[in-house]
Amino acid sequence: MIGGRLERKKEQVGNYMLKSLNISNFALIDKTEAEFGEGLNILTGETGAGKSILTDALGAVLGNRIGAGHIRSGAEELKIEAVFSAEKNSPVRSVMKEFEIDEDDENLIITRKINRSGKTSITANGSHITLATLKKIGAALVDIHGQNENLALLRTESVYRLIDGAEEKIPEVREDYKRLYRLWNIQIRTLEEKKKSKEENAQKLDMLRWQEQEISAADLKPGEDEEIDGEIRKLSHAEKISEHIEESCLLLGGGSEFDVLTALAKVEKNLDDVSRFDDKLNSARKLLEDAAISLREVFDEVRDYSETVEFSPEKLDALHARADVIFRLKQKYGSSVDEILERLEKIRSEIAEVENYETDLETTKQVILKLEGQAKKRAEHLLQLRQKSAEKLSMAIEREIRKLGMEKATFKIEVTPSPELTANGKDSADMIFSANLGEEPKSLAKVASGGELSRVALAIKTISAGREDSAETMVFDEIDTGLGGMTAKVVAECIAKVSRNKQVLCITHLAQIACMADKHLHVSKNDSDGRTVTQVKKIVGTERTREISRMASGEESQSALKNARDMISSAKRAKRLMTVGII
């Protein structure tokens, strides 16, 4: 797996790389543009020329924190713009889609501005984004490798990321474990909350039972409040209702010659008599007959109602008392009897829940035990996969470390079982290192010097360069500090190998590394109009030969220039051998 991940062709790099970096009013830089290509981009120049300013600017446009103090003296605003290629099949497209960045046909353009007041503007293809989003995008685009990053390599999460990324089965098992671990922790917190609420539950149960008893004692019926209101209105006006009903009965059919039904009967008889002589009023007589029938029905209904009307002060008092009971319950439990009854059902449900507290507690404990067992089983599988991955990585990284001038060094990634479940699993991981024969291997964080740590980091980068989860552009900032001779040559070859799978930007003081460049940029510091400015220029041909000569011997004599040409030729041969897999 480790060797297989280095087999991607260099042509893929062109689909996903930093094309240019445009800087205005940043530190010593007035205005400059650096264009980068595929493979190995080397940046050289005298000490203090401003090479590291370029990496600082790149870091800033990828999310590193900067402030108004970085604005060039006399300017009001700094601006940094990075242009990345983003062809149709490029992985950059997934980054743009994830963060909802407007898609361009070819490029992803990230721009960051800061003014004297500290106000920051960040855009990606013209869309404003936050600093947090920029950091996520930056991590996917570029891996900057310097002293701080060497130290970051020692962190536990970095060790796990290295191990887990080298074995294709691990991510799925790890995510399944993390899911179980999260669920396990949620249930543990739930159990603790339930235990803390034990006393509160006792108090809550007393209150719920009192409420249930209070509502139940009222023996409410659905819609009862509306019925009572109607009865109260009726009884409160019973006397007046009786008067109206009595008068209505008299007017309709009281038995006198003036009531409606008696009058209608007389009219009906008269019309009957008329019909014997003239039938023109027969239709009128029919209508009168129908009206009489309807009025008799009205009379019967009113008369029957009159028999139900009675004024009972005792019944009215009882209804008012019942209404008062319902009113008090409404103030506590709902605006109607129906709502109060719904509340009663909820109270009974809560009582059942609290009364089942012990059973619920035991159920939660059983769920915790089950999840813990599942998580431990997954953690054991994860441990085995990590140990297998660590063993392969250890051998590969140790070989690279020995090539980098530490022939007696030993390196091992140890993954050992842990007694407790953690967010990473049920294991611990550490890098164990010894630089010299006879020295006891110890944790890399405790024994490695700065130079040794740089070489270990380079070895790791060399091995992991072809991994799909790593950024496609890598930056090495003066990784050659303290190196020389054959070690510098081997380091140069390692960086060149990395550049076969990645786009690499490398700041260096060593001619052995510089002569490996696919593109060589020279950084210089000059005086202009009474100001110091940093400039970046691509160098080729004789200019490049002179720069390599200066770096190798500090002069441009004929012998030094010949040595520089020989170094460049030797580097070209080495790169050809890398292409066919001999180096």
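Nearest heavy atoms, Ala218 versus Val325: CB-CG1, 4.2 Å. In terms of heavy-atom proximity, Ile228 sits nearest to Ala323 at CG2-CB, 4.1 Å. Here the closest heavy-atom approach between residue Ala390 and residue Val415 is recorded as CB-CG2, 3.8 Å. Between Lys330 and Val337, the shortest heavy-atom distance links the atoms CE-N, 4.2 Å. In this structure, Cys249 and Val302 approach most closely via the heavy-atom pair SG-CG1, 3.7 Å. Closest non-hydrogen pair, Ile347 versus Leu208, comes out as CG2-O, 3.4 Å.
For Glu214, the CD atom counts as densely surrounded, since its 6.0 Å shell holds more than 12 non-hydrogen atoms of other residues, nucleotides or ligands.
Using a 4.5 Å cut-off on side-chain heavy atoms (C-beta onward), Arg348 and Ser216 make contact. By the 4.5 Å heavy-atom criterion applied to side chains, Ile351 and Leu205 are counted as neighbours. Using a 4.5 Å heavy-atom threshold, the side chains of Lys315 and Glu231 count as touching. The side-chain heavy atoms of Lys221 and Glu227, taken from C-beta on, include no pair separated by under 4.5 Å.
The distance from the CD atom of Gln331 to the CG atom of Leu329 is 9.5 Å, given to the nearest 0.5 Å. For the atom pair CG of Leu54 and CD1 of Ile23, the computed distance is 5.0 Å after rounding to the nearest 0.5 Å. Asp290 CG to Leu295 CG: the interatomic distance, rounded to the nearest 0.5 Å, is 11.0 Å. Here the CG-CG distance, from Asp259 to Leu252, works out to 8.0 Å after rounding to the nearest 0.5 Å. Here the NZ-CD distance, from Lys195 to Glu192, works out to 5.0 Å after rounding to the nearest 0.5 Å. Taking OG from Ser428 and CD from Glu420, the interatomic distance works out to 12.5 Å, rounded to the nearest 0.5 Å.
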Let me see the working for Lys502 and Asp143 under salt bridge (charged side-chain N to carboxylate O under 4.0 Å, His left out), right down to the final yes or no.
CA-CA 10 Å; Lys502 306 284 184 182; Asp143 177 7; over 6 Å; no
Test salt bridge (charged side-chain N to carboxylate O under 4.0 Å, His left out) on Glu172 and Arg378 and set out the steps.
CA-CA 11 Å; Glu172 181 180 351; Arg378 222 56 184 138; 5.6 Å; no
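With respect to Arg276, the salt bridge (Lys or Arg N to Asp or Glu O under 4.0 Å) criterion is satisfied by exactly one of Asp278, Asp273, Asp279: Asp273.
Checked for salt-bridge contact, Glu372 and Lys376 meet the test: a charged N lies under 4.0 Å from a carboxylate O. The residues Lys119 and Glu77 are annotated as not salt-bridged, no charged nitrogen and carboxylate oxygen being separated by less than 4.0 angstrom.
Inspection of the Asp338 and Ser336 side chains reveals no N or O donor paired with an N or O acceptor under 3.5 Å. In this structure, a donor-acceptor pair under 3.5 Å is present between the side chains of Glu362 and Gln366. A donor and an acceptor atom, one from each side chain of Thr120 and Arg65, are nowhere located under 3.5 Å apart.
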